[in-house]
Amino acid sequence: MTAIDRIDIAVIGAGLGGAAAAALLNEAGFSVDVFEQAPEFVRLGAGIHIGPNVMKIFRTLGLEDRLAAIGSHPDHWFSRDGMTGEYLSRIRLGDFALREYGAPYITIHRGDLHAEQIAILPQDRLHFSHGLTDLEERDDHVLLTFSNGRQVAAGLVIGADGINSMIREKLLGVEKPRFSGWIGHRALVDMDKLRATGLEYEACVKWWWSQSRHIMAYATKGDASEYYYVTGVPVDSWDHDTGFVDSSREEMEAIFGAGAHPMVRGLIDATTEVTKWPFWNRDPMSLWSRGRLCLLGDACHPMRPHMAQGACMAIEDAAVLTRALTLTGTADYRSAFTLYENTRRDRATKVQTISNANTWLKQPEDPAWVYAYDPMTVPLH
Ligand code: FAD
């Protein structure tokens with residue numbers, strides 16, 4: 001019979017939220033292990049925005065300067081009409097963000113971000129090839145069973161296991177996420193072709209059409225050597241079993257090409273490889289924790305990605321949860337989980353709602369409530 005290891009805190013999932021939670025808890029002096037189903041770290045995905053709200057958390061972890069050196073620092077988030085090019089809004093970022101919101105706003109390759117997050121974790125506490133397959137809540141621990149047969153008795157379990165979370169299933173029952181009715185195309189464009197257009201592409205710009213159909217395009221490196229776009233397109237259904245499927249320049253042309261502004265045309269022409277992804281969703285949840293189990297990130301409040309804040313909310317969750325546990329100690333985890341949920345629920349739900357509505361920064365508006373927020377100092381209530 002294999003021995004059952006006893007540990008204090010188990011984080012399930014080493015995605016952007018789970019890696020942040022493990023790093024923050026470790027930094028705060030807790031004994032924490034993180035279990036990830038994937039066999040190893042892979043540089044997945046493409047672009048991601050990280051707002052000043054979350055760069056303040058990375059400051060605590062000693063990552064702010066590293067990420068700022070790698071990422072792009074857009075001066076603005078522009079919203080433009082996809083046909084005429086007319087500017088619908090110009091949201092100031094760059095030095096303004098640094099001054100007003102207290103940290104930089106960056107756009108970065110998601111793999112570069114994740115690699116930095118993984119690298120700061122104590123490697124002997126990061127367990128790949130550990131897909132959680134079962135859990136049993138007992139009086140003084142939770143018994144976790146993993147795909148490799150290993151069993152662990154954990155004092156607390158943090159479910160950072162994404163939209164199909166098994167921890168969520170234990171708390172709220174089996175329920176598949178709902179197809180949101182939207183898909184996104186994602187592509188890193190061919191830089192030679194993009195440069196050949198002779199056009200000056202803005203470092204962060206969202207092109208809008210009617211029905212909120214859009215292309216969000218931005219640089220993912222500070223030296224402007226990589227440019228990425230992600231679309232949002234309403235569709236009737238998603239009929240594939242896989243997480244994503246190949247798309248094509250022709251499909252981009254068919255959806256966005258007719259009458260498009262020359263800069264949009266240039267983006268489409270510079271498309272070589274493009275994939276399309278379904279966006280899944282859930283309604284705000286009635287329960288964030290029970291007993292020794294607690295959720296964060298997409299496991300708890302998944303959203304369509306149109307506000308570029310989903311991962312940011314996961315990382316904010318991680319920061320507030322760590323602060324709550326620091327205040328109460330692990331023995332009083334119930335109070336910590338209550339503080340955590342009370343502090344996070346309204347903000348996460350508001351971001352989820354606006355993200356799903358796809359209205360963020362389309363018109364001039366003040367984004368300070370998102371970007372100036374400091375998860376490291378916000379009062380816990
Ligand atoms: P995930 O990133 O899904 O991580 C979950 C982890 O848990 C994975 O590593 C998974 O392998 C692991 N796991 C799952 N089940 C198990 C199990 N049973 N056992 C062990 N491990 C398990 N957010 C932003 O902030 N800014 C953006 O610009 C942005 N752009 C986006 C663009 C697109 C197209 C999409 C789809 C999303 C975007 N998001 C963005 C949202 C962001 O990607 C998610 O909100 C974020 O990844 C959620 O992080 P998470 O750690 O909660 O979950």
Side-chain angles (χ1 to χ4, degrees), residues 10-22 33-42 44-51 53-55 57 71 74 77 105-111 113-114 117-118 126-135 144-148 150 152 157-170 177 180 182-187 204 206 214-216 218 220 228-233 243-244 275-281 295-318 348 351-352 355 360 370:
V11 175
I12 308 299
L16 302 180
D33 289 77
V34 54
F35 300 93
E36 166 59 47
Q37 64 185 2
E40 60 189 351
F41 167 75
V42 183
L44 274 182
I48 193 158
H49 299 231
I50 295 296
N53 45 323
V54 163
M55 289 299 272
I57 303 172
W77 166 313
Y105 188 106
I106 65 163
T107 54
I108 188 168
H109 193 293
R110 185 189 186 95
L113 165 67
H114 199 195
Q117 288 189 254
I118 293 290
L126 169 60
H127 311 281
F128 286 109
S129 298
H130 278 69
L132 182 70
T133 54
D134 195 19
L135 71 81
L144 303 172
T145 305
F146 295 99
S147 47
N148 57 9
R150 186 172 171 199
V152 169
V157 177
I158 299 170
D161 47 347
I163 190 161
N164 292 303
S165 167
M166 202 183 141
I167 314 290
R168 191 213 72 88
E169 223 167 73
K170 284 285 168 189
S180 69
W182 285 66
I183 59 162
H185 303 80
R186 299 165 96 176
C204 178
K206 189 161 176 176
H214 65 264
I215 300 178
M216 173 95 234
Y218 54 95
T220 49
Y228 162 79
Y229 67 73
V230 54
T231 75
V233 179
F244 66 93
T275 49
K276 59 179 171 183
W277 302 65
F279 296 150
W280 301 98
N281 224 333
L295 297 172
L296 65 73
D298 276 11
C300 192
H301 41 67
M303 57 191 85
R304 274 169 33 196
H306 310 316
M307 207 171 148
Q309 281 286 325
C312 290
M313 289 304 109
I315 298 166
E316 284 190 4
D317 286 349
V351 170
Q352 196 180 16
S355 218
W360 182 239
V370 178

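Read the numbers this way: they start at 1 and go in the same order the structure lists the ligands and their atoms. Being a predicted model, the structure only gives us computed values, none of them experimental. Positions are given from 1, in the same order as the sequence printed here. Below, all heavy atoms of this structure are taken into account, side chains as well, without hydrogens, waters or symmetry copies.
Residues L126 and F41 are not in side-chain contact: their nearest non-hydrogen atoms beyond the backbone lie 4.5 Å or more apart. Put simply, the side chain of T107 does not reach to within 4.5 Å of the side chain of Y228, judged on heavy atoms. In this structure, I48 and L16 have side chains that are in contact, with non-hydrogen atoms separated by less than 4.5 Å. For the pair P305/F279, a side-chain contact is recorded, criterion being any heavy-atom separation below 4.5 Å from C-beta on. Side-chain contact between H114 and L44: absent, with no pair of heavy atoms (C-beta onward) separated by less than 4.5 Å. W360 is not listed as a side-chain neighbour of H306, based on a closest heavy-atom distance of 4.5 Å or more. Put simply, the side chain of S355 does not reach to within 4.5 Å of the side chain of M313, judged on heavy atoms. C204 has its side chain within reach of M216: a pair of non-hydrogen atoms, C-beta onward, lies under 4.5 Å apart.
Remark: ligand 1 and L132 share an N or O pair separated by less than 3.5 Å (distance only, no angle test). Where the criterion is an N or O separation shorter than 3.5 Å, residue side chain and backbone included, C312 meets it with respect to ligand 1. Taking any N or O of A311, backbone or side chain, at least one lies under 3.5 Å from an N or O belonging to ligand 1. Considering backbone and side-chain atoms together, D298 places an N or O closer than 3.5 Å to an N or O of ligand 1. Below 3.5 Å of separation, one finds an N or O of Q37 facing an N or O of ligand 1. Between G131 and ligand 1, not a single N/O pair is under 3.5 Å apart. Considering backbone and side-chain N/O of R186, none are found under 3.5 Å from N/O of ligand 1. Any N or O atom pair closer than 3.5 Å counts here, and A314 shares no such pair with ligand 1.
The backbone N or O of G13 lies less than 3.5 Å from no partner atom in the side chain of D161, so there is not a single donor-acceptor pair. Looking at T231, its side chain does come within 3.5 Å of a backbone N or O of H185 through a donor-acceptor pair. No donor-acceptor pair under 3.5 Å is formed between the side chain of Y105 and the backbone N or O of M55.
In terms of heavy-atom proximity, L296 sits nearest to A160 at CD1-CB, 3.6 Å. Contact detail for K206 and W77: the closest heavy-atom pair is CD-CZ2, 4.0 Å.
Scanning the protein heavy atoms around atom 36 (C) of ligand 1, the nearest turns out to be F279 CE2, 4.0 Å. Taking atom 14 (C) of ligand 1 as the reference point, the nearest protein heavy-atom neighbour is D161 O, 3.3 Å. Counting protein heavy atoms only, atom 35 (C) of ligand 1 is closest to P305 CB, 3.7 Å. Ranking the protein heavy atoms by distance from atom 27 (C) of ligand 1 puts I48 CG1, 3.2 Å first. The single protein non-hydrogen atom nearest to atom 8 (C) of ligand 1 is E36 OE1, 3.5 Å, given as residue, atom name and distance. Protein heavy atom at the shortest distance from atom 1 (P) of ligand 1 is G162 CA, 4.3 Å. With respect to atom 4 (O) of ligand 1, the closest heavy atom belonging to the protein is G15 CA, 3.6 Å. Summary of contacts: the protein heavy atom closest to atom 47 (O) of ligand 1 is R110 NH2, 2.8 Å.
Annotation for ligand 1: atoms under 4.0 Å from non-hydrogen atoms of L16 are 51 (O). Interface of F35 with ligand 1, defined as ligand atoms under 4.0 Å from a residue heavy atom, comprises 20 (C), 21 (N). Every atom of ligand 1 is numbered from 1 in the order shown, and the set under 4.0 Å from a heavy atom of G297 is 52 (O). Taking every non-hydrogen atom of G13 and a distance limit under 4.0 Å, the qualifying atoms of ligand 1 come out as 6 (C), 7 (O), 12 (C), 21 (N). Close contacts of ligand 1 with Q309, meaning ligand atoms under 4.0 Å from a residue heavy atom, involve 24 (C), 25 (O), 26 (N). Near G310, with a cut-off below 4.0 Å to any heavy atom, the atoms of ligand 1 are 23 (N), 24 (C), 25 (O), 41 (C), 45 (O).
At a heavy-atom cutoff of 4.0 Å, ligand 1 is contacted by the side chain of V230 but not by its backbone. Contacts between H130 and ligand 1 below 4.0 angstrom, taking non-hydrogen atoms only, involve the backbone exclusively. Under 4.0 angstrom from ligand 1, the non-hydrogen atoms of H49 come from both its backbone and its side chain. With a heavy-atom cut-off of 4.0 Å, I12 touches ligand 1 through its side chain alone.
Of the candidates D134, L295, V157, K170 forms a side chain to side chain contact (heavy atoms under 4.5 Å, CB included) with just one, namely D134.
To the nearest 0.5 Å, atoms CD (E36) and CG (L132) are separated by 11.5 Å. Here the CD-CG distance, from E316 to N53, works out to 4.5 Å after rounding to the nearest 0.5 Å.
Contact between M303 and ligand 1 is absent, with no heavy atom of the residue lying under 4.0 Å from the ligand. Within the structure, ligand 1 lacks A38 among the residues with a heavy atom less than 4.0 angstrom away.
In this view, S129 and P39 satisfy the side chain to side chain contact (heavy atoms under 4.5 Å, CB included) rule, not counting sequence neighbours.
Across A160, A19, A308, heavy-atom proximity to atom 5 (C) of ligand 1 is greatest for A160.
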